[in-house]
Visitor: 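Have a look at this one before I ask anything.
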Protein chains: 2
Amino acid sequence: MTTRPAAQPPERLRLLPSRLLTRTAAQVQRLVAEGLGEYRTHHYALMAAAAELGPASQAALGQACGMDRSDVVAALDDLTVRGLVRRALDPADRRRNTVVLTGDGERALHELDARVQEVQQRAFVPLTPDERGVLADLLARVNRHHAEAE
Amino acid sequence: MTTRPAAQPPERLRLLPSRLLTRTAAQVQRLVAEGLGEYRTHHYALMAAAAELGPASQAALGQACGMDRSDVVAALDDLTVRGLVRRALDPADRRRNTVVLTGDGERALHELDARVQEVQQRAFVPLTPDERGVLADLLARVNRHHAEAE
DNA sequence: GCCAACTGTTGGCGTCGCCAACGAATTCGT
DNA sequence: ACGAATTCGTTGGCGACGCCAACAGTTGGC
């Protein structure tokens, strides 16, 4: 018999806040990905931004979602192929594409909204509603601090 | 003048707990990566595991760190080249490699310990010590819940 | 002795975030 | 008004991270 290798993570890692944060994020992210099914987080983010901003340039959408221009292009390509989004040259500024959600796009977005909300429930099930609020608040403050530093 | 595009994220995303979690994790992860400099999280994790477990097989190290066997191989290759770790065939079980930290490895690990601790300070600076404890606790519970579900 | 399981290794895949370069178009500075 | 700087979309690429499949060598159970 070989010595049971003690699957426990090393002490330094087990208690490391940054590791706890990134690993938990990965777990939750996995749930989200499953929930989104055929879509990725980029797709959902862009559709949400398009819905709330109305007709907007790709740059505006990317900035709103905090994603790189090149990634916006790729994700919008996907959404265009699926007919969820339309790109049109902005006549007022011919560098820009005006992006709008189609009817199918709005329907898909609502569907995803439901799936995403359902995932949030499952993701934080060990926490009470109060605790979820506390967690969100703490994360928001850390997030904001690092975001402000550009 | 073009309409200021309002860089604010869409409402649905701004308040989405899973997004808050993953984005904050990414910010902190970036700090960690900077702190580790020439090393990656895999390297630090494996060295920590090797230090705490003593001579161990790659499988044991990988299991302890929660990483895939193939990723263990790659990371140990790096560490071996840098002379921080030694691989030796286990005479008792010739399938296994016994992995041990070298003197240089121990020194490097201590150096990294310091850098990592310093990063933890900076990462969560907007939180009081109490709040950091609360955050760690909440994350640990969520993490444990999803980990137990295998 | 045989079959199942484990070990290390190679090679590959997908997501995510990021960066560089480019041409076309627009805005700014003077 | 005109050249310089900037913006926009696009393409192509990179690194980190997590994961999976296959394979040969080895070991264990039965």
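Each chain gets a letter, A, B and so on, in the order its sequence line appears, and its residues count up from 1.
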Visitor: Given atom CG of Asp93(B) and atom P of dA5(C), what is their separation to the nearest angstrom?
Guide: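 Distance, rounded to whole Å: 17 Å.
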
Visitor: Rounded to whole angstrom units, what separation is found between the CG atom of Leu89(A) and the P atom of dG9(D)?
Guide: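 Result: 10 Å.
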
Visitor: Between Arg96(A) (CZ) and dT7(D) (P), how many Å, whole number?
Guide: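 So the CZ-P distance, Arg96(A) to dT7(D), works out to 11 Å.
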
Visitor: Is any side-chain N or O of Arg94(A) closer than 4.0 Å to OP1 or OP2 of dT26(C)?
Guide: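 It does, given that an N or O in the side chain of Arg94(A) lies less than 4.0 Å from OP1 or OP2 of dT26(C).
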
Visitor: Just so I know, are the side chains of Val142(A) and His146(A) near enough to count as touching, which here means a heavy-atom distance under 4.5 Å?
Guide: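 Result yes, sub-4.5 Å side-chain heavy-atom pair found.
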
Visitor: What is the distance from CD of Gln58(B) to C1' of dG25(D), rounded to the nearest Å?
Guide: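 The answer, rounded to whole Å, is 14 Å.
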
Visitor: Report the distance from atom CG of Leu139(B) to atom CG of Leu127(A), rounding to the nearest 0.5 Å.
Guide: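 Result: 8.5 Å between the selected atoms.
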
Visitor: Whether the Asp104(B) and Thr102(B) side chains hold a donor-acceptor pair (N or O, under 3.5 Å, no angle test) is what I'd like checked.
Guide: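 Result is no, nothing qualifies.
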
Visitor: Return the value, rounded to whole Å, for the distance between atom CG of Asn97(B) and atom P of dG25(D).
Guide: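 Nearest whole value for this atom pair: 16 Å.
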
Visitor: Tabulate atom names and distances for all N/O pairs under 3.5 angstrom spanning the protein and nucleotides 11-14 of chain D.
Guide:
unit_1: dG12(D); atom_1: O6; unit_2: Ser70(A); atom_2: OG; d: 3.3

Visitor: Let me know the distance between CD of Gln63(A) and C1' of dT7(D), rounded to the nearest Å.
Guide: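 Going from Gln63(A) (CD) to dT7(D) (C1'), I get 12 Å.
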
Visitor: Could you state the CZ-P distance from Arg87(A) to dG9(D), rounded to the nearest angstrom?
Guide: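 Spelled out: CZ on Arg87(A) to P on dG9(D) is 9 Å.
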
Visitor: Please round to the nearest 0.5 Å and tell me the distance separating atom CG of Leu13(A) and atom CZ of Arg19(A).
Guide: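 Separation between the atoms: 4.5 Å.
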
Visitor: Any ion pair linking Glu38(A) and Arg82(A) (charged N to carboxylate O, less than 4.0 Å)?
Guide: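 Salt bridge absent between Arg82(A) and Glu38(A).
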
Visitor: Quick check: do Arg87(B) and Gln58(B) have side-chain heavy atoms less than 4.5 Å from each other?
Guide: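 Yes. Closest side-chain heavy atoms under 4.5 Å.
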
Visitor: Under a 3.5 Å threshold, yes or no: a donor from one side chain and an acceptor from the other, between Asp71(B) and His42(B)?
Guide: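 No, no side-chain donor-acceptor pair sits under 3.5 Å.
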
Visitor: Taking only the side-chain nitrogens and oxygens of Arg95(B), find out if one of them lies under 4.0 Å from OP1 or OP2 of dT27(D).
Guide: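 False: Arg95(B) side-chain N/O out of range (4.0 Å or more) of dT27(D) OP1/OP2.
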
Visitor: Just to be sure I understand the geometry, which residues of residues 26-48 of chain A put a non-hydrogen atom under 4.0 Å away from DNA chain C?
Guide: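 Those residues whose heavy atoms fall under 4.0 Å from DNA chain C, taken from residues 26-48 of chain A in numerical order, are Gln29(A), Arg40(A), Thr41(A), His42(A).
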
Visitor: Quick one: Leu76(A) CG to dC8(D) P, roughly how many Å, whole number?
Guide: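 It works out to 15 Å between those atoms.
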
Visitor: Quickly, which of Arg122(A), Arg115(A), Gln121(A) forms a side-chain hydrogen bond (donor to acceptor under 3.5 Å, both in side chains) with Glu118(A)? Name it, please.
Guide: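 The side-chain hydrogen bond (donor to acceptor under 3.5 Å, both in side chains) with Glu118(A) is passed solely by Arg122(A) among Arg122(A), Arg115(A), Gln121(A).
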
Visitor: If each of Arg23(A) and Ser57(A) is mapped to the nucleotide of DNA chain D with the nearest heavy atom, which maps nearer the 5' terminus, i.e. the 5' end?
Guide: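 Going by which nucleotide is closer to the 5' end, it is Ser57(A).
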
Visitor: State whether a side-chain donor-acceptor pair under 3.5 Å links Asp68(A) with Ser70(A).
Guide: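 Result is yes, a qualifying pair exists.
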
Visitor: If you assign each of Pro91(A) and Met67(A) to its closest nucleotide in DNA chain C, which residue comes earlier from the 5' end?
Guide: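 On the 5' side of the pair lies Met67(A).
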
